[in-house]
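As the structure is a computational prediction, the values presented were derived from the model and not from experiment.
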Amino acid sequence: MCIGDREGDRQRAARQARLRANPRRLIEAVCAGDIIPDEVTRPQLHAFCLAIHRSKSDEASRRSLCALLLKVKDEADFLLEGVSFLGRSYAYIDALIALNDRRWQWIAPLADWRPASHNRRRQFSSLVRHLTAKYDVPAFMEEAWFRSDQRAERYRQWFIEIGAGRNVRTLDTPIPMTKAMAHHFLQAPDDSSIEGAIRWGQVHAMGGGSRLTSAILGTRLGTSFDNDEFWSSVIRFFIANPMLDRQHVGPIVDYLAAQKYERREVMVGPGRVEVHDPPQPGLTMRGRTAATLLAQVERWHRELGRANDAERLYFRCSGRKGLLHKTGKDGANEWRIRELLSGAELIAEGRAMQHCVASYARSCATGRCSIWAMEVTTKLGLEKRQTIEVSGEGMIVQCRGKQNRLPTSAEFVILMQWARTAGLTISPYVRPEG
């Protein structure tokens with residue numbers, strides 16, 4: 001290395017040290033474009049600068065963002081921190097950028113904001129409400145400011161409209177809201193997802209309780225609102241059968257979806273594939289009893305355990321990382337979470353765990369979800385523990401052991417470890433037993 005290179009490195013290091021020691025100057029420099037993220041090596045500051053660098057770069061946006069960040073730096077403690085929503089980690093800087101992008105909807109001067117708490121989450125809550133909400137907004141709606149998926153902008157608009165006192169029933173919701181649904185939606189638990197709060201409102205408005213709602217939110221109905229007329233009839237069926245063990249909710253929903261909506265790919269010759277329509281596209285809930293439906297689900301499970309068309313399906317790797325983690329004395333227990341990549345593997349998993357995961361072959365083949373096996377190797381050998389469903393959006397939406405049991409606390413710790421390392425969200429309705 002030449003002398004000039006060493007001198008340049010020293011100058012850059014000295015500049016970074018000065019910026020770290022003067023957060024105000026760092027914010028001003030990044031917003032003005034005077035430094036780029038690659039010049040900042042400390043991980044937390046690099047991520048902060050990168051988020052600003054990727055935000056809207058027009059002069060008015062950057063000036064406004066700079067003023068917002070400087071105000072937060074002076075008044076609060078969360079500027080460079082992260083927060084967890086529904087098992088997924090976010091950075092406050094991303095929410096602040098989203099808030100700045102809607103500055104034209106602010107209803108109060110930024111200069112007037114003063115947080116009344118030392119709690120970081122409450123400080124952010126007070127900021128977003130000061131700027132955008134005249135009336136109360138449920139805490140679960142704050143998730144909207146952190147999300148970056150295709151629904152995020154719609155949900156931010158909901159936050160603002162609820163804060164303006166607009167009737168929830170007039171919002172652009174995925175299913176129509178009755179007056180009772182709107183009331184229960186606003187009463188959903190603080191740790192709900194926004195989608196979960198919608199379904200919470202629907203189930204409670206129909207007369208269902210929290211246990212049924214949690215069971216429903218652990219299925220595909222927790223994130224999807226397609227074919228609502230039919231699934232509303234299914235929810236009414238569950239409510240009309242309160243003595244039906246709620247552990248059957250997931251398998252019943254899977255069975256009904258497979259019979260009514262899911263097409264199948266069938267190998268009919270070398271290199272020839274036919275797509276078969278769902279077995280019962282006209283299926284309804286009229287006249288069904290819990291006993292007959294459970295018998296049909298059980299028969300379906302047995303059929304899935306046999307060699308069938310799913311066995312010939314292979315899936316693309318989702319691209320998500322698995323897990324290899326050791327616990328116990330001297331790492332005696334080796335936990336592994338691995339992706340299942342064929343229909344044959346799903347069938348084998350379903351046989352071993354005595355549940356209906358084989359029904360997910362088509363969904364895995366189309367990329368709607370991916371299925372993972374949690375296993376542990378101890379001195380006694382390999383033991384299968386849990387089967388995990390991950391949605392295409394990266395949310396862990398189901399985690400079930402043999403005969404659909406919930407994860408133990410030890411298994412849930414491993415699940416959380418995987419979620420952190422793989423960048424996944426855990427649905428709030430995926431919980432350990434007890």
Side-chain angles (χ1 to χ4, degrees), residues 55-56 60-61 63-79 81 83 85-86 90-202 204-205:
S55 66
K56 292 181 179 178
S61 293
R63 278 202 312 268
S64 176
L65 179 60
C66 185
L68 175 60
L69 299 183
L70 290 175
K71 180 66 173 177
V72 172
K73 182 199 77 67
D74 291 341
E75 302 288 350
D77 305 313
F78 64 81
L79 183 60
E81 302 301 326
V83 64
F85 276 94
L86 307 174
Y90 297 94
Y92 278 109
I93 179 60
D94 294 321
L96 292 171
I97 290 170
L99 187 58
N100 181 67
D101 287 344
R102 286 182 173 263
R103 62 192 179 280
W104 54 277
Q105 293 178 297
W106 292 1
I107 62 172
L110 175 62
D112 292 348
W113 173 64
R114 297 287 187 281
S117 172
H118 293 291
N119 179 281
R120 292 167 181 162
R121 176 75 180 270
R122 291 174 184 164
Q123 288 176 343
F124 175 78
S125 298
S126 73
L127 173 64
V128 72
R129 283 166 176 75
H130 170 81
L131 293 175
T132 66
K134 181 179 179 180
Y135 297 96
D136 187 40
V137 181
F140 64 79
M141 284 298 306
E142 292 171 19
E143 176 200 10
W145 298 102
F146 294 86
R147 287 174 55 163
S148 58
D149 58 274
Q150 61 183 358
R151 297 175 177 174
E153 284 299 328
R154 177 198 292 187
Y155 292 158
R156 289 168 195 156
Q157 185 62 28
W158 289 11
F159 189 103
I160 289 171
E161 293 185 17
I162 293 171
R166 185 172 176 183
N167 191 322
V168 172
R169 297 177 65 189
T170 67
L171 301 181
D172 180 25
T173 52
I175 56 177
M177 284 251 187
T178 65
K179 185 175 181 180
M181 282 176 60
H183 168 76
H184 288 290
F185 166 76
L186 295 174
Q187 301 299 316
D190 290 350
D191 63 352
S192 298
S193 67
I194 297 173
E195 292 86 354
I198 297 170
R199 195 66 80 182
W200 173 281
Q202 182 186 35
H204 280 73

- P174: what forms a side-chain contact (heavy atoms from CB on, under 4.5 Å) with it, not counting sequence neighbours? R154, W158, I198, F225
- Sorted by chain and residue number, the side-chain contact (heavy atoms from CB on, under 4.5 Å) partners of A197 (sequence neighbours excluded) come out as F140, F185, A188, S192
- Intermediate values then yes/no, side-chain contact (heavy atoms from CB on, under 4.5 Å), D94 and F146: CA-CA 6 Å; D94 294 321; F146 294 86; 5.7 Å; no
- Query: Looking at CD1 of I93 and CG of L68, how far apart are the two atoms once the value is rounded to the nearest 0.5 Å?
  - Reply: 8.0 Å
- Item | Heavy-atom pair with the smallest gap, counting every atom of Q123 and D77 | OE1-N, 2.9 Å
- Query: Which atoms form the tightest heavy-atom contact between E143 and S193, and what is the distance?
  - Reply: OE1-CA, 3.6 Å
- Message: By the definition ring-ring contact (aromatic ring centres under 6.0 Å, His included), identify the one residue from F159, Y90, F124 that meets it with W145.
- Response: F159
- Taking every non-hydrogen atom, the tightest pair across A67 and L110: O-CD2, 3.8 Å
- Task: Please list all pairs passing the salt bridge (charged side-chain N to carboxylate O under 4.0 Å, His left out) test where one or both residues lie in residues 97-119, with sequence neighbours left out.
- Result: E75-R114, R102-E153
- Note on the structure: Closest non-hydrogen contact found for V72 with W113 is CA-CZ3, 4.2 Å
- Query: Which side chain to side chain donor-acceptor pair (under 3.5 Å) pairs, counting each pair once, include a residue from residues 168-190, with sequence neighbours left out?
  - Reply: R166-T170
- When R156, Q157, E161 are each screened for side-chain hydrogen bond (donor to acceptor under 3.5 Å, both in side chains) with Q105, the one that passes is Q157
- Message: Closer than 3.5 angstrom, by distance alone: can the side chain of S125 be matched with the main-chain N or O of R121 as a donor-acceptor pair?
- Response: yes
- Message: Show, in sequence, the C-alpha distance, side-chain angles and deciding distance for L127 and L99, and conclude whether the side-chain contact (heavy atoms from CB on, under 4.5 Å) test is met.
- Response: CA-CA 10 Å; L127 173 64; L99 187 58; 4.2 Å; yes
- Message: Could you work out, with salt bridge (charged side-chain N to carboxylate O under 4.0 Å, His left out) as the rule, every residue matching R122, not counting sequence neighbours?
- Response: none
- Item | D149 and R151: CA distance, side-chain angles, deciding distance, salt bridge (charged side-chain N to carboxylate O under 4.0 Å, His left out) verdict | CA-CA 5 Å; D149 58 274; R151 297 175 177 174; 5.3 Å; no
- Query: Got a sec, which pairs hit salt bridge (charged side-chain N to carboxylate O under 4.0 Å, His left out) with one end in residues 129-140, sequence neighbours left out?
  - Reply: R129-E142
- Task: Please name the pair of heavy atoms, one in N100 and one in S61, separated by the smallest distance, quoted to 0.1 Å.
- Result: ND2-O, 3.3 Å
- Query: Where do T132 and W106 come nearest, in terms of heavy atoms and distance?
  - Reply: CG2-CD1, 4.1 Å
